[in-house]
2 protein chains.
Amino acid sequence: MSAAVEKYVLHWGEMGTRWGTNRTVSQIQAILYLSPHPLRADEIVDLLSVARSNVSTSIRELQSYGLVQMTHTLGDRRDYFESPHDVWELFRVIIEQRKQRELNPTLAMLKDCAAEVDAEDETDPITKERIKNMLAFFESTNDWYEQISKIPTGTLTKLMALGAKITKLIKP
Amino acid sequence: MSAAVEKYVLHWGEMGTRWGTNRTVSQIQAILYLSPHPLRADEIVDLLSVARSNVSTSIRELQSYGLVQMTHTLGDRRDYFESPHDVWELFRVIIEQRKQRELNPTLAMLKDCAAEVDAEDETDPITKERIKNMLAFFESTNDWYEQISKIPTGTLTKLMALGAKITKLIKP
DNA sequence: CTCTTGTTTCAGTTTAGACCGAAACTACGC
DNA sequence: GCGTAGTTTCGGTCTAAACTGAAACAAGAG
């Protein structure tokens with residue numbers, strides 16, 4: 001592993017903990033993304049110096065996200081793993097994961113709370129209002145995401161390139 | 001504290017740990033957001049059952065983000081605290097924090113790595129390409145954010161309401 | 001049957017961070 | 001000077017989670 005690759009992998013591992021997964025999972029994703037060829041689990045063990053069992057379960061987790069595919073070559077029954085190399089695909093998966101971890105549970109909680117304060121007289125009306133405002137915000141964010149996530153990558157990159165110019169289309 | 005408020009505060013605290021702060025900080029933000037009137041630090045101590053020192057440092061952190069303002073009343077020199085009640089303002093602050101914690105360091109790392117592999121012959125060309133692709137993605141995301149963050153709330157809500165319809169303006 | 005490849009489980013260790021509570025400090029008002 | 005209000009610091013404790021390493025297991029190849 002070159003110094004640059006090592007730096008990348010270590011950083012990615014650190015960031016992973018802020019993105020909802022653990023260090024090993026994101027380090028494996030990093031090394032698979034960077035590797036010029038698919039890797040075997042035991043190669044990952046050597047490269048990252050982690051336990052075999054850890055690699056096994058981490059790969060399983062990545063597979064469940066669609067961030068790792070298994071490949072084989074003729075005459076070799078060992079499993080090789082690789083990551084998608086399209087950054088947009090990676091990005092979509094990460095966003096989707098975070099939505100499920102962060103947005104969905106909060107949305108559910110807010111719906112609960114809103115229903116609860118409606119049927120009750122204990123909570124201050126101002127507080128009730130605040131809860132409902134927050135719920136409305138999360139609902140519209142959720143709706144927005146549902147729509148945006150269906151837009152093909154090519155269109156999205158164009159939209160992003162437009163940036164703030166997009167407001168000129170809407171303002172008048 | 002009513003049952004609904006307690007549920008909200010506890011959940012917000014849990015989520016906070018996924019949003020880059022600790023539980024106490026986000027619980028305080030939650031209770032200040034929901035409270036019909038500004039609260040004193042010692043009231044927060046009672047409501048959340050946390051140490052006074054913890055409240056003090058947490059409020060300081062929230063103030064540094066702009067998520068807490070101090071207020072006073074005549075003839076009372078005690079400090080009262082309140083949170084902005086505009087959900088969009090809260091949202092902007094949270095996003096900005098996350099950008100600083102997640103995007104900026106990664107962008108810096110990627111720039112480092114890209115420069116490093118340029119000056120070196122050890123790393124596989126494919127790997128070099130992957131690093132540069134990732135850098136390009138983070139740079140465009142960063143540029144996009146810089147522009148979007150300057151758009152006033154009213155325009156942003158209109159944009160969000162448009163949702164996927166926005167693509168019809170760009171496609172042809 | 002045996003070797004290789006791989007998974008799964010689980011008790012035990014390690015680590016990072018949050019949190020507590022005491023103590024020492026500033027600053028203001030009466 | 002004394003009480004009130006608040007901050008800051010810091011050693012100590014607690015906890016959740018990641019990770020290890022060993023063991024038991026499955027399943028195909030020769």
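The sequence lines fix the lettering, A, B, ..., with proteins before strands; numbering per chain opens at 1.
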What's the [atom1]-[atom2] distance between [X] and [N], to the nearest Å?
| X | N | atom1 | atom2 | result |
| --- | --- | --- | --- | --- |
| A:L39 | C:dG6 | CG | P | 13 Å |
| A:R101 | D:dA17 | CZ | C1' | 14 Å |
| A:Y80 | C:dT4 | OH | P | 16 Å |
| B:R40 | D:dT4 | CZ | P | 14 Å |
| A:D79 | C:dT4 | CG | P | 17 Å |
| B:H72 | C:dC28 | NE2 | C1' | 12 Å |
| B:F81 | D:dT7 | CZ | C1' | 11 Å |
| B:E61 | D:dT7 | CD | P | 14 Å |

Picking from [options], which would you name as closest to the side chain of [X]?
| X | options | result |
| --- | --- | --- |
| A:R77 | D:dT8, C:dT5, C:dC19 | C:dT5 |
| B:R78 | D:dT20, D:dG6, D:dC19 | D:dG6 |
| B:D42 | D:dG6, C:dG21, D:dT20 | D:dG6 |
| B:S53 | D:dT8, C:dA18, D:dA18 | D:dT8 |
| B:R60 | D:dT8, C:dT8, C:dA18 | D:dT8 |
| B:V50 | D:dT7, C:dC20, D:dT9 | C:dC20 |

- request: Verify the neighbour count for atom CZ of B:R40: are there more than 12 heavy atoms of other residues, nucleotides or ligands below 6.0 Å?
  value: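 Count over threshold, so yes.
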message: Do A:E61 and A:Y65 pair up side chain to side chain, a donor and an acceptor below 3.5 Å, judged on atom types alone?
response: yes
query: Judged by modelled atom types alone, do A:R23 and A:Q27 share a side-chain donor-acceptor pair under 3.5 Å?
result: no
- prompt: Under 4.0 Å: is that the gap between some side-chain N or O of B:N22 and OP1 or OP2 of C:dC19?
  reply: yes
- prompt: For C:dC19, does OP1 or OP2 lie under 4.0 Å from any side-chain N or O of B:T24?
  reply: yes
query: Quick one: CD1 on B:I44 to OG1 on B:T24, what's the gap to the nearest 0.5 Å?
result: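 Here the rounded value is 11.0 Å.
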- prompt: Say you draw a straight line from OH of A:Y145 to CG of A:N104; how long is it, rounded to the nearest 0.5 Å?
  reply: 9.0 Å
- request: Please figure out whether A:R23 or A:A41 has its closest DNA chain C nucleotide nearer the 5' end.
  value: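 Its nearest nucleotide lies further toward 5', so the answer is A:A41.
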- request: Name the nucleic acid region contacted by A:S49, choosing base, sugar-phosphate or nothing; use a 4.0 angstrom heavy-atom cut-off, strictly under.
  value: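 Sugar-phosphate: the residue A:S49, judged by heavy atoms under 4.0 Å, touches backbone atoms but no base.
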- request: For B:Q63 and for A:N54, find the nucleotide of DNA chain D with the closest heavy atom, then tell me which residue's nucleotide is more 5'.
  value: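 Closest to the 5' end, via its nearest nucleotide, is B:Q63.
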